[in-house]
Amino acid sequence: MPKIASRLSGFTESVIREMTRVADQYGAINLSQGFPDFDPPTELVAAAQRALEQGYHQYATTWGTASFRQALARKQTRFMGVEIDPDAHITVTCGSTEAMMTAMMTVCNPGDKVIVFSPFYENYAADAILSGAEPVYVPLRPPDFTFDPDELRRAFQQGVKALVLCNPANPTGKVFTLEELQQIADLAQEYDTFVLTDEVYEHIVYAPHKHTYIASLPGMFERTLSCSSLSKTYAITGWRLGYVIAPAEVTGGVRKVHDFLTVGAPHPLQHAAATALDFSDDYYDRLLVDYTRRRDLFLGYLDRAGLRYTIPQGAYYVLVDISEFGFEDDTRFCVWLAEEIGVAAVPGSSFFREPVNHLIRFHFAKREATLTTAGERLLRLKAAV
Ligand code: GLN
């Protein structure tokens, strides 16, 4: 029997996706893999139905249909404060998952080093390894999950090609401050590296925190590949619409990789989603009001259950400390939680490079009724262990 590629032994299957299977197996409420159980805006669904009737059944232009890129350029110019050109800067991908993989393959040669903050969304290490690159981990330390600037500088001194920045961050809910972003930007310029962002939670940032796009800092657009998607902002994770925004000189490379990976994102859905990209500010204000309410509802249950956690500043995840329950293995705790309490979470160890196994991650992108049922179940936790 021939052997499959040895680079696959450098990472495991996604624990996040595995926990969804565990949730399904035990019929648990799935607060593990982060996706909503509520519908996208009705206008968007209607636009998708219309798009299917209008005959967009064949491939779109590989880097994205013009109407979608134009609408995206208008929206991102508005929010990023940088002039985004639909033809020179944008490549539409199958979700930000492909955007990140494409960005990584565009900038990395085999053997290159890439800085990844730990804890991190598990895809980044896999993206680096599949690109032949080697992750260099820099810890983000609790309680505010900030980095030590000297430690970050030492990582840059190893001759890195790029840094991955997830902001707002999954799984910590951290929103990087302007000062932290400036430190990263200064080092990226000093050591002449790229920054690859994952900004899928760009519109889910709780007051008083604010999202700054690192590409908008002086000197950074030229070296940043900004990756994001419509999944979280419009509750359409299954539509698989993401994108890379890159400087003109890099976009040709991004498009080349993207074309050979997937050819293109779903054509009718690109047409439909242009509708959402033209939503007014009211939509984003409402989105935030809704997520703030979900967050506060769920955190209220964690308080009542006597659980310790880090308050999320952005995104829709919360890390909960389970050290008091005496489980040696956070994965076993999560399986037990799904089976006995009926709520699924992701073991924190799948996000950390360091041997951390006293944290689990819940997400709260769910209807209030779902969060209430999950919260009521968690109230039984202490007595059940
Ligand atoms: N970002 C989501 C999470 O962390 C999942 C995305 C995915 O599974 N593709 O749970």
Side-chain angles (χ1 to χ4, degrees), residues 11-24 28-38 40 93-104 116-127 130 140 145 164-175 196-205 227-244 261-262 265-266 269 291 294-295 298 310 312-320 330-331 334 337-338 343-353 356 359-366 370-371 374:
F11 55 95
T12 60
E13 269 186 63
S14 161
V15 179
I16 297 175
R17 267 80 82 188
E18 166 67 18
M19 286 313 299
T20 284
R21 293 190 286 272
V22 171
D24 292 345
I29 298 174
N30 189 358
L31 302 189
S32 56
Q33 187 180 16
F35 60 88
D37 68 347
F38 45 87
T93 59
C94 296
S96 63
T97 300
E98 189 215 324
M100 291 296 299
M101 184 78 235
T102 297
M104 192 76 80
V116 175
F117 288 115
S118 169
F120 59 99
Y121 176 52
E122 51 187 15
N123 282 43
Y124 310 145
D127 293 344
L130 285 171
L140 295 174
F145 290 103
V164 175
L165 177 70
C166 181
N167 185 32
N170 178 5
T172 57
K174 176 188 176 63
V175 174
L196 316 179
T197 75
D198 176 354
E199 293 178 283
V200 295
Y201 308 101
E202 62 200 297
H203 295 292
I204 308 175
V205 177
C227 302
S228 191
S229 89
L230 281 67
S231 291
K232 319 289 184 183
T233 305
Y234 308 107
I236 48 171
T237 62
W239 287 30
R240 311 311 299 131
L241 293 177
Y243 52 89
V244 181
L261 278 178
T262 63
L269 299 181
Y291 267 109
R294 290 177 195 118
R295 179 188 74 153
F298 190 64
T310 308
Q313 303 170 339
Y316 50 50
Y317 304 102
V318 56
L319 285 177
V320 173
D330 56 351
T331 304
C334 286
L337 191 71
V343 182
V346 182
S349 54
S350 59
F351 303 104
F352 281 86
R353 176 63 176 173
V356 169
L359 298 172
I360 61 172
R361 190 199 76 174
F362 290 109
H363 86 91
F364 48 84
K366 290 283 182 256
T370 309
L371 293 173

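Numbering of ligands and ligand atoms starts at 1, following listing order. Note that these values count all heavy atoms, side chains included, but never hydrogens, waters or copies made by symmetry.
- Proximity of Lys232 to ligand 1, defined as any heavy-atom pair under 4.0 Å, is confined to the side chain (atoms from C-beta onward).
- Regarding atom 6 (C) of ligand 1, its nearest protein heavy-atom neighbour is Tyr121 OH, 3.2 Å.
- Between the side chain of His363 and the backbone N or O of Pro36 there is no donor-acceptor pair closer than 3.5 Å.
- For the pair Lys232 (side chain) and Ala315 (backbone), a donor-acceptor distance under 3.5 Å is absent.
- No part of Tyr316 comes within 4.0 Å of ligand 1, judged by heavy-atom distances.
- With Ser349 contributing its side chain and Val356 its backbone, the two residues share no donor-acceptor pair below 3.5 Å.
- No part of His363 comes within 4.0 Å of ligand 1, judged by heavy-atom distances.
- Checked by atom type and distance alone, the side chain of Glu122 pairs as donor or acceptor with a backbone atom of Val15 at under 3.5 Å.
- A donor-acceptor contact shorter than 3.5 Å links the side chain of Asp330 to the backbone of Gly348.
- Each of the following atoms of ligand 1 lies closer than 4.0 Å to a heavy atom of Asn170: 1 (N), 3 (C), 4 (O).
- Proximity of a side-chain donor or acceptor of Tyr291 to a complementary backbone N or O of Tyr316 within less than 3.5 Å is not detected.
- By the criterion of a heavy-atom distance under 4.0 Å, the side chain of Tyr317, and not its backbone, is placed next to ligand 1.
- Residue-level proximity to ligand 1 for Asn123 is absent, since no heavy atom of it falls below 4.0 angstrom.
- Under the 3.5 Å distance criterion, the side-chain polar atoms of Gln313 are matched with a main-chain donor or acceptor of Val175.
- A donor-acceptor pair is defined here as one N or O able to donate and one able to accept, closer than 3.5 Å; no such pair exists between the side chain of Lys366 and the backbone of Phe38.
- When non-hydrogen atoms are compared, ligand 1 lies under 4.0 Å from neither the backbone nor the side chain of Arg240.
- In terms of polar-atom proximity, Ile16 is not counted as a contact of ligand 1, lacking any N or O under 3.5 Å from an N or O of the ligand.
- Shown in contact with Gln33 at under 4.0 Å from a heavy atom are these atoms of ligand 1, numbered in order with element: 5 (C), 7 (C), 8 (O), 10 (O).
- Interface of Arg17 with ligand 1, defined as ligand atoms under 4.0 Å from a residue heavy atom, comprises 7 (C), 8 (O), 9 (N).
- The ligand atoms of ligand 1 that sit less than 4.0 angstrom from a heavy atom of Gly34 are 2 (C), 3 (C), 10 (O).
- If you number the atoms of ligand 1 from 1 as listed, the ones under 4.0 Å from a heavy atom of Tyr201 come out as 1 (N).
- The shortest separation from a heavy atom of Arg361 to ligand 1 is under 4.0 Å, placing the residue in contact.
- Looking only at distances, no side-chain donor or acceptor of Ser96 sits under 3.5 Å from a matching main-chain atom of Cys227.
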